[in-house]
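Order of listing sets the numbers, starting from 1, for every ligand and every atom in it. Just so you know, these numbers use all the heavy atoms, side chains as well, and skip hydrogens, waters and symmetry mates. Given the structure is predicted, the values throughout are model-derived calculations rather than measurements.
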Amino acid sequence: MSVFLAVVFLLTLLFLLRVMWRQNRALGELRNAVRSSQPFLQRDRAADYLPGWPALTGTVNQLITENTELRHQRTDQLTQLEATLGNLREAVLIVDESNYIHLANRALREIFPGARDLVNLRLELIVRSVPFLDYVRATRAGQPLPRQEFEIIDRQNTHWIEASGAPIPSPDGKSQWALFVIHDMTNQRKLERVRRDFVANASHELRTPLSIIKGYIETLVDGHQTMSLEDRDKFLKTIQRHSERLKAIIDDLLILSRLESATPGLTFAPVDLPALLQGIADDYRRRPNGADHVIVATAPETLGLVQADAEKLTQVFGNLLDNALKYTPKGARLELGGSVTGENEVELFVGDNGPGIPAADLLHIFERFYRVDKGRSRETGGTGLGLSIVKHIVQMHGGRVWAESEEGRGLAIRMRLPRAQRN
Ligand code: ADP
């Protein structure tokens, strides 16, 4: 009897252990279902013996289904938004309550090219600007804020952006997000800076000869009766020299502003390069200061024709030869010429064996008013604009220009021009 009871007890214990093991397994499956948002499919009915188990699994499955639907809805909404805003010219940004980026359209990605995909990154990683992050926080909190401009340092680059924003509910409606429309103001700000610097430089350049002229005229007005003829002559000649400089600066400024205007007035026609270069060389040899130098033209017939504005191209060589005459000593050798460097390209140059230019200045000499030796340039009537005019004209012909020099061994200004026919 006792053996029978022991067997029954053992069998019951085994049965209970098996039920507990299967229930544990069902609980594990339920946990996994919740984690992976997959509906719970009970493989083993043994768990049904748990009190309230069928009701619990039913509720969990319903929650999982609702949650999945909401997630799909949310992704659908973001995908729809992305599709609508993706190609807008304005940059659009959506951030959630923790500053995670949920939408960054193409225009926004172009403003921050450093980060490949902005979505799911924290805004702080992309936009390191405390004022902008404060603006985001305040917008999300619903404060009505006007459109505002921010300076943003991204690695070594500075961007200027103008942002306006609005709070939006998150797709599940449980938190507050924020949407921003952003304009890239970088080019505009850089242009404004260039323009400001240019106006400041131009005013300074004009003021110097003007103050000298004014000073000398005042002295003449006050003292012309008592002044020696020799002094008067010296004063008048100084006034004449500085008014010529003033005129030269204004003339060059007008040329530059015309070149930059909507109607630069260039007339393209076939130009015979060997004839043009020989003609310029002959002209310069006949000039009084040209006679002190050796002027050589190396213009093989193969150079042929380019489609160009002959007058502007002559101005390019004129500016370069004027410089070569100004900055080299008497007896120096000046050479102008060219060669065919490609099927559709020629390389032209003006070189000299004068003092040349230090390497550090080479990249800057095409900037407006940049001079390596200010005193020498002014003394020789330079305006500091000659090479920027050259660069403008070359670029308007679809070419590029650069300088090569070894200090003490001369300077060569080279340019490549396309030979292709223009319509
Ligand atoms: P500038 O009117 O002063 O000559 P440019 O724009 O023509 O202005 O030239 C810029 C500067 O480049 C000059 O001030 C001068 O310092 C330097 N430069 C130009 N050409 C030569 C040259 N052939 N040899 C040495 N320096 C030159």
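The main-chain N or O of Glu90 is found under 3.5 Å from a side-chain atom of Asn105 such that the two form a donor-acceptor pair. Within the 3.5 Å criterion, the main-chain N or O of Leu220 finds a donor-acceptor partner in the side chain of His224. Checked by atom type and distance alone, the side chain of Asn99 never pairs as donor or acceptor with a backbone atom of Leu123 at under 3.5 Å. Side-chain atoms of Arg285 come within 3.5 Å of backbone N or O of Ile295 as a donor-acceptor pair.
Nearest protein heavy-atom contact of atom 13 (C) of ligand 1 is Tyr327 OH, 3.4 Å. Among protein heavy atoms, the minimum distance from atom 26 (N) of ligand 1 is reached at Ile357 CG1, 3.6 Å. In terms of protein heavy-atom proximity, atom 23 (N) of ligand 1 is closest to Asp352 OD2, 2.9 Å. Looking only at heavy atoms of the protein, atom 3 (O) of ligand 1 is closest to Ser377 OG, 2.6 Å. Taking atom 11 (C) of ligand 1 as the reference point, the nearest protein heavy-atom neighbour is Tyr370 O, 3.7 Å. Of all protein heavy atoms, the one lying nearest to atom 5 (P) of ligand 1 is Leu387 N, 3.6 Å. Considering only non-hydrogen protein atoms, atom 8 (O) of ligand 1 sits nearest to Gly384 CA, 3.2 Å. For atom 22 (C) of ligand 1, the closest non-hydrogen atom on the protein side is Leu411 CD2, 3.4 Å.
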Task: Check against side chain to side chain donor-acceptor pair (under 3.5 Å), Tyr284 and Asp322 - done: CA-CA 9 Å; Tyr284 270 78; Asp322 286 343; 2.9 Å; yes
TODO: Check step by step if side chain to side chain donor-acceptor pair (under 3.5 Å) holds for Thr383 and Glu205.
DONE: CA-CA 8 Å; Thr383 62; Glu205 293 291 333; over 6 Å; no
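Taking only nitrogen or oxygen atoms, main chain and side chain alike, Gly356 does not reach within less than 3.5 Å of ligand 1. Polar contact with ligand 1: present for Asn323 (N/O pair, distance under 3.5 Å). At least one N or O atom of Val372 sits closer than 3.5 Å to an N or O atom of ligand 1.
Looking at Asp251 and Lys247, a side-chain N of the basic residue comes within less than 4.0 Å of a carboxylate O on the acidic one, giving a salt bridge. Salt-bridge formation is detected for the pair Glu192/Arg189: a Lys NZ or Arg NE/NH1/NH2 atom is positioned less than 4.0 Å from an Asp or Glu carboxylate oxygen. In summary, Lys214 and Glu218 engage in a salt bridge, as defined by a charged side-chain N under 4.0 Å from a carboxylate O. Using a cut-off of 4.0 Å between Lys/Arg side-chain N and Asp/Glu carboxylate O, Lys237 and Asp233 are scored as salt-bridged.
Taking a 4.0 Å cut-off on heavy atoms, Ala324 registers as neighbouring ligand 1. Contact between Lys326 and ligand 1 is present, with at least one heavy atom of the residue lying under 4.0 Å from the ligand.
With Thr383, Leu362, Asn319 as candidates, the residue nearest to atom 2 (O) of ligand 1 on a non-hydrogen basis is Thr383.
Listed by atom number, the atoms of ligand 1 under 4.0 Å from Asp373 heavy atoms are 16 (O). Listed by number with element, the atoms of ligand 1 under 4.0 Å from a non-hydrogen atom of Gly386 are 5 (P), 6 (O), 7 (O).
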